[in-house]
Amino acid sequence: MKEFRRRPVRTGITVFGVAVAIATLASLLAFERGYRRGLVSELDRLGAHILVVPKGRPFDAASIALHGANWPCYLRESYLREVRSVPDVATAAPALMQATPLEDGRSMVVVGITGDYLKLKTGWTLEGHFPASGLDVLVGSDVARRRGWRLGDTVEIPGMPGSRTVSGLLAPTGGADDGFVFVPLEEAQRILGRDRVLTHILVRLKDPEALDGAVGRLRGCNAGMDMNIVPLTHLFRTIQAMIRSTRGWLGAVAFMALLAAMTGVSNSILMVLSERTREVGVLRAIGASPGDVFRLFWLETLLTCVLGGALGLFAAMVASRGVESWLRSHMPFAPTDPLVRMDPLILCACLVGTVLMGSLAGLLPAWRASHIPP
Amino acid sequence: MRNKPDTEPHPILIQAEGLSKVYRRGSETVAALHGVTFEIRRGEFVAITGPSGSGKTTLLNLLGAMDVPTAGTLILDGFDVASLTESGRTQLRRHRVGFVFQHFGLVPTLTVEENVALPAFFARRNDARQVSELLETVGLGHRRNYYPSELSGGEMQRAAIARALVNRPPLWPADEPTGNLDMQTGLTVLGLFRRLNADGLTVLVVTHNDVIASAANRRLDLRDGRLMGPDTGPTSMPRVPAGPG
Ligand SMILES: Nc1ncnc2c1ncn2[C@@H]1O[C@H](COP(=O)(O)OP(=O)(O)OP(=O)(O)O)[C@@H](O)[C@H]1O
Ligand SMILES: [Mg+2]
């Protein structure tokens, strides 16, 4: 069917409105998907169900344990025994974390660990071996890449005296571990002058479903007064709930934008119609049926919407990087995976939405047009 | 293109009897035609004349199946227009009537060629060769890819005439086709009319122009919605005009 080209400026504005609405919708969906996946895989990589930290704010604690930073206060190593004695606990891995600021604004995060850590990180792939002596280090993939360290190299680590041997390289995990350097726990305690203390304990349960009971029992033990027991799944769930409430609002905004764009399209086509009433009359006079006229205007509206939708999706894809970094700087807790994930499903959903919207928006103008007499 | 080859081409193309048209605007009514009776044979060239407001456009719209009479019967190429449904009248307009407007009525966003092809498009048919032949006939072969705004008035009207011919309708009503043209251009268009009439088309022209009116082989003269002269039949006897209330 022959397209009915007209006013480029007005059509442009209408198309822009649709594009903005669709871009908002697509970004929102992409964020929702990316964020949830990010949280889930972050949990997987962590390999732990419960995080035991010193008393303090659990959100800070989680963020620190997950992404590495200096610890404000410490746990006594003796608590570890108590944690291990709780029946639901399969593995309790102690850790002492220390971050040394570097000149470039980053920091060197050193984590003292024991072999228990490996039992949690079932997803790890090592080249070389886990640190056997105090002078061995296991290096995360990002650190190794940035510093050009290779297996067997003798290296100096900021914040640690003397030189050490890279005994192991950690294959990329996609998580925070990539940015850490791991040393034996006792060595970390020795260098840092923090004898018999820990910054956190990662706990893996025999049965993740038994989380609530395990948390209760951990809180009830003698050392429970001095420890903060953070159930990670709960923590993630809380974060998700926070995001969800915001998302509800954003969803409403996107919906309104969609509605506004739709009325915009309808309105613009109605205006075209009122300017072209006589022309439609002529079309009817030379043999167009009401159905022909209906199709003409309906398709015109649909095309406008699909054009806008396609532009919007394109814009959303182009802008997703910017949106990503903006979100990262504005969110209390962001997983290391991409937050904004544009996948084909979202693109399809948005296109279907556009077509639906266009079809709806086109009904009124098309119906009106088809009732213009010859 | 004959739509119904089985129907015998009747020599009488239009048969109007007691044709009346009353327009309603809210509570007001305007009687534009009062029981007009006449016949038009195939191949005639008829001029419809009369002072402004006498009902010429109203009559032509009825003859072009654009509107339905308030009273009386109108048989157009064998079809009773008043008893047809909207889609039936669409079919009539599409295949049996080629309307030409005073304002040309070209779609400004389509090229000349696309404009001419429009009625064929609505008739679900596509014949590019015929379109270009028609453009040659009206002398617009070199303007096929122009937009209407790039044409002169006479060229626009010739494009409109080509468009009216594309579905090969037997009837060809034109409402003041030269009203927006200067004398010289008007005469060119008139020449085109005569040529097409000579080829067998039935031409109905509403006109204020005496030259055109005298070129026709018959004249229907309207006064206040009534026919004057030889075609005035008994049903056009003066009546009380329909008034408000
Ligand atoms: N759609 C309409 N609604 C109401 N009244 C109408 C309508 N169309 C025409 N009329 C009235 O019907 C009468 C005849 O109008 P018509 O257009 O047929 O005249 P005309 O002979 O074509 O005049 P002109 O030479 O000025 O074009 C006029 O009084 C006009 O006001
Ligand atoms: Mg008129």
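As the structure is a computational prediction, the values presented were derived from the model and not from experiment.
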Is it the case that over 12 heavy atoms from other parts of the model lie below 6.0 angstrom from the [atom1] atom of [X]?
| X | atom1 | answer |
| --- | --- | --- |
| A:Phe255 | CZ | no |
| B:Arg24 | CZ | no |
| A:Arg368 | CZ | no |
| A:Arg146 | CZ | yes |

If only atom types and distance count, is the side chain of B:Arg94 paired as donor or acceptor with the main-chain N or O of A:Ala288 below 3.5 Å? no

Decide yes or no for [X] and [Y]: does some side-chain heavy atom of the first lie under 4.5 Å from some side-chain heavy atom of the second?
| X | Y | answer |
| --- | --- | --- |
| B:Arg93 | A:Ile286 | no |
| A:Val282 | B:Phe104 | no |
| A:Pro290 | B:Thr90 | yes |
| B:Met66 | A:Pro373 | no |

If you apply the rule side-chain contact (heavy atoms from CB on, under 4.5 Å), what do you find for A:Arg284 with B:Glu86, and how did you get there? CA-CA 11 Å; A:Arg284 296 277 283 112; B:Glu86 180 51 50; 2.8 Å; yes

Mind ranking B:Pro108, B:Ala65, B:Ser87 by heavy-atom pairs under 4.5 Å with chain A and telling me who comes out on top?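 The answer is B:Pro108.
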
B:Arg163 portion near chain A, given a 4.5 angstrom heavy-atom threshold: side chain

Go through A:Asp292 and B:Phe121 one step at a time and tell me if the side-chain contact (heavy atoms from CB on, under 4.5 Å) criterion holds. CA-CA 10 Å; A:Asp292 291 332; B:Phe121 167 75; over 6 Å; no

Hey, what do you get for CZ (A:Arg276) to OG1 (B:Thr109), rounding to the nearest 0.5 Å? 4.5 Å

Residue selection (most heavy-atom pairs with chain B, distance under 4.5 Å) from A:Gly281, A:Ser289, A:Gly291: A:Ser289

Heavy-atom pair with the smallest gap, counting every atom of A:Ala285 and B:Phe101: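 Residues A:Ala285 and B:Phe101, closest heavy atoms: CB-CZ, 3.5 Å.
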
